[in-house]
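Because the structure is predicted, anything quoted here is derived from the model rather than measured. In each ligand, atom 1 is the first atom listed, and ligand 1 is the first ligand listed.
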Amino acid sequence: MQSGRHLVNIALIGFMGTGKTSVGRLVAEQLQFDYLDTDDAIQASTGRTITDIFTKDGEPAFRALEEKVVGELAGRAKTVIATGGGLPVNPKNLASLKTHALVVSLWSSPEKIWERVKNQSHRPLLHDANPQAKIRELLAAREPFYKQADVLLNTDLRSVREVAQQVVHQFRLEAAGR
Ligand code: S3P
């Protein structure tokens, strides 16, 4: 682990549908941490939905709001942070999270992701003529960023409970080593 890091939070990164929200909530409950979702924080501060921001202002405007939220997280402790799927593509975001959080990447295959997201409609990037191809394309482009996490966990064959246990275990190991 790099020196100069003070890991008092956990950040979950990964593609849409990899389980960040359900795992994050369970980890927060188990560690008695707060739970914070960056998309929720953006919606709360703007009073708008993510889809509305994407549709009316465009993706770059949404990414700017994401970067602002990440900057504000540096003052937090004992928080499990679930991040939007595209957030770690901005190197500033990952660098900032790494100063205070153990960064855990949840990974899934495109098939499993599709199975989890196909009946949901709140993700503007999947409002596409061929959402399955879009998932494969975005996942491939983002893989190098997701792999920069401290811990990588494949969620395809594990239950939410098992993944959460792994996250808690890794965080405790990290805390014990400090
Ligand atoms: C996005 C993922 C979404 C949300 C926005 C863009 C992405 O979050 O931030 O729709 O770029 O992958 P989830 O990963 O929580 O679905």
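Every residue two or more places apart in sequence or in another chain that forms a ring pair (Phe, Tyr, Trp, His ring centres under 6.0 Å) with Phe33 is listed here: Phe171. Checked against side chain to side chain donor-acceptor pair (under 3.5 Å), Arg48 has the following partners two or more places apart in sequence or in another chain: Asp52, Asp57.
Annotation: salt bridge (Lys or Arg N to Asp or Glu O under 4.0 Å) contacts involving residues 23-46, sequence neighbours excluded, comprise Asp34-Arg76.
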Write out each pair where an N or O from ligand 1 and one from the protein are under 3.5 Å apart, with the distance.
{"unit_1": "ligand 1", "atom_1": "8 (O)", "unit_2": "Asp39", "atom_2": "OD2", "d": "2.9"}
{"unit_1": "ligand 1", "atom_1": "9 (O)", "unit_2": "Asp39", "atom_2": "OD1", "d": "2.8"}
{"unit_1": "ligand 1", "atom_1": "9 (O)", "unit_2": "Asp39", "atom_2": "OD2", "d": "3.0"}
{"unit_1": "ligand 1", "atom_1": "11 (O)", "unit_2": "Arg63", "atom_2": "NH2", "d": "2.7"}
{"unit_1": "ligand 1", "atom_1": "11 (O)", "unit_2": "Gly86", "atom_2": "N", "d": "3.4"}
{"unit_1": "ligand 1", "atom_1": "11 (O)", "unit_2": "Arg142", "atom_2": "NH2", "d": "2.8"}
{"unit_1": "ligand 1", "atom_1": "12 (O)", "unit_2": "Gly86", "atom_2": "N", "d": "3.4"}
{"unit_1": "ligand 1", "atom_1": "12 (O)", "unit_2": "Arg142", "atom_2": "NH1", "d": "2.7"}
{"unit_1": "ligand 1", "atom_1": "12 (O)", "unit_2": "Arg142", "atom_2": "NH2", "d": "3.4"}
{"unit_1": "ligand 1", "atom_1": "14 (O)", "unit_2": "Lys20", "atom_2": "NZ", "d": "2.5"}
{"unit_1": "ligand 1", "atom_1": "14 (O)", "unit_2": "Gly85", "atom_2": "N", "d": "2.9"}
{"unit_1": "ligand 1", "atom_1": "16 (O)", "unit_2": "Arg123", "atom_2": "NE", "d": "2.6"}
{"unit_1": "ligand 1", "atom_1": "16 (O)", "unit_2": "Arg123", "atom_2": "NH2", "d": "3.3"}

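Note: the hydrophobic cluster containing Leu65 also contains Met16 (ILVMFWY, side chain heavy atoms under 4.5 Å, direct or indirect links). In this structure, Val80 is not a member of the same hydrophobic cluster as Leu73, with clusters built from ILVMFWY side-chain heavy atoms closer than 4.5 Å. When the side chains of ILVMFWY residues are joined at heavy-atom separations under 4.5 Å, either directly or via intervening members, Leu106 and Ile13 end up in two distinct hydrophobic clusters.
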